[in-house]
Amino acid sequence: MARAIWRLGVIIGLVTVSGCSGDLRDPVGLVAFDTSGGLTGGGGGNGGGSGGGAGRNSILVGTWSATFIIRLMNDVQTQVTTWSFQSNGTCNRTVAVTSILEGRTLTTSVPCTWFTNSTNISIMYGGNVGSVTFQWGLENFSRDRLVLDGVTYVRIG
């Protein structure tokens, strides 16, 4: 009985929150920082020959999280995506999806490496040869709001 009441409370809370628009928007004041100068960790600059230097903007170092509410025909799910960027160029992407209907959470975690330039971050997932590139910036000049390809992540660590 208590579990059914708890689920009803969660569903009511999610329905209330789901009244907000989940549409992605182009953030106002998106700012990217150049990886040259004092804001850079790691390499940076132009390298000779075929391999340029890989920059790692120190602003990105930390843990970032975004939560999405997904309404399905017979379920409501939450998805929490968390990125952790280390100053040594390693990273990790964790996605936790919780189903209200099933009452359980499925979590996946993938190690990766990263490097940046002034507007893009390239991620190479463990075991892959190629990389994925996202546009990045800070929303409204805040060092606590990272935007990756239009999705805002909040610094949690």
Side-chain angles (χ1 to χ4, degrees), residues 6 9-47 52-72 75-100 104-128 130-157:
W6 178 82
V10 169
I11 290 171
I12 289 171
L14 288 174
V15 168
T16 302
V17 171
S18 68
C20 301
S21 172
D23 296 334
L24 294 177
R25 61 177 178 75
D26 184 22
V28 177
L30 182 64
V31 173
F33 289 87
D34 191 347
T35 59
S36 62
L39 297 177
T40 304
N46 295 321
R56 289 189 190 92
N57 195 310
S58 62
I59 291 172
L60 292 163
V61 173
T63 304
W64 306 85
S65 182
T67 301
F68 306 92
I69 297 174
I70 304 163
R71 289 180 276 173
L72 303 172
D75 195 7
V76 175
Q77 297 179 349
T78 59
Q79 174 184 317
V80 178
T81 301
T82 305
W83 286 97
S84 294
F85 297 107
Q86 306 301 319
S87 61
N88 66 0
T90 61
C91 57
N92 195 66
R93 178 177 170 248
T94 302
V95 177
V97 178
T98 302
S99 165
I100 299 300
R104 66 184 180 130
T105 301
L106 176 64
T107 302
T108 58
S109 185
V110 181
C112 52
T113 57
W114 67 283
F115 61 92
T116 61
N117 65 26
S118 62
T119 59
N120 294 310
I121 180 170
S122 293
I123 307 288
M124 183 179 297
Y125 295 103
N128 288 337
S131 63
V132 179
T133 301
F134 301 105
Q135 182 180 12
W136 77 274
L138 298 177
E139 186 178 67
N140 295 326
F141 300 100
S142 173
R143 290 179 179 246
D144 293 324
R145 298 184 63 81
L146 171 65
V147 181
L148 295 176
D149 275 352
V151 177
T152 301
Y153 292 81
V154 176
R155 184 184 297 274
I156 60 172

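Here the closest heavy-atom approach between residue Tyr153 and residue Val151 is recorded as CD1-O, 3.4 Å. When all heavy atoms are compared, the tightest approach of Trp64 to Leu60 is NE1-O, 2.9 Å. Between Trp136 and Asn117, the closest heavy-atom pair is NE1-O, 3.2 Å. Heavy-atom minimum distance, Trp114 versus Ile121: CE3-CD1, 3.8 Å. Nearest heavy atom pair, residue Val61 against residue Arg155, reads O-NH1, 2.9 Å. For the pair Ile59 and Leu138, the tightest heavy-atom approach, listed with the atom from each and the gap, is CG2-CD1, 3.7 Å.
Within the model, atoms CD1 of Ile100 and CZ of Arg71 stand 13.5 Å from one another, a figure rounded to the nearest 0.5 Å. Expressed to the nearest 0.5 Å, how far OG1 of Thr98 lies from CD1 of Ile69 amounts to 11.5 Å. To the nearest 0.5 Å, atom CD of residue Gln86 and atom CG of residue Asn92 are 9.0 Å apart.
Side-chain contact of Thr133 with Asn120: a donor-acceptor pair under 3.5 Å is absent, judged by distance alone.
Looking at Ile70 and Gln79, their side chains come closer than 4.5 Å, going by heavy atoms from C-beta outward. Two residues are said to be in side-chain contact when any heavy atoms from C-beta on lie closer than 4.5 Å; Val80 and Ser65 meet this criterion. Using a 4.5 Å cut-off on side-chain heavy atoms (C-beta onward), Ile123 and Phe85 make contact.
For the pair Asn140 (side chain) and Ser142 (backbone), a donor-acceptor distance under 3.5 Å is absent. Looking only at distances, no side-chain donor or acceptor of Ser131 sits under 3.5 Å from a matching main-chain atom of Ser122.
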side-chain contact (heavy atoms from CB on, under 4.5 Å) between Val154 and Asp144, worked out: CA-CA 6 Å; Val154 176; Asp144 293 324; 5.6 Å; no

side-chain contact (heavy atoms from CB on, under 4.5 Å) evaluation trace for Arg93 with Thr81: CA-CA 7 Å; Arg93 178 177 170 248; Thr81 301; 4.1 Å; yes

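Classification of the Tyr125-Trp83 ring pair by plane angle, with boundaries at 30° and 60°, yields tilted.
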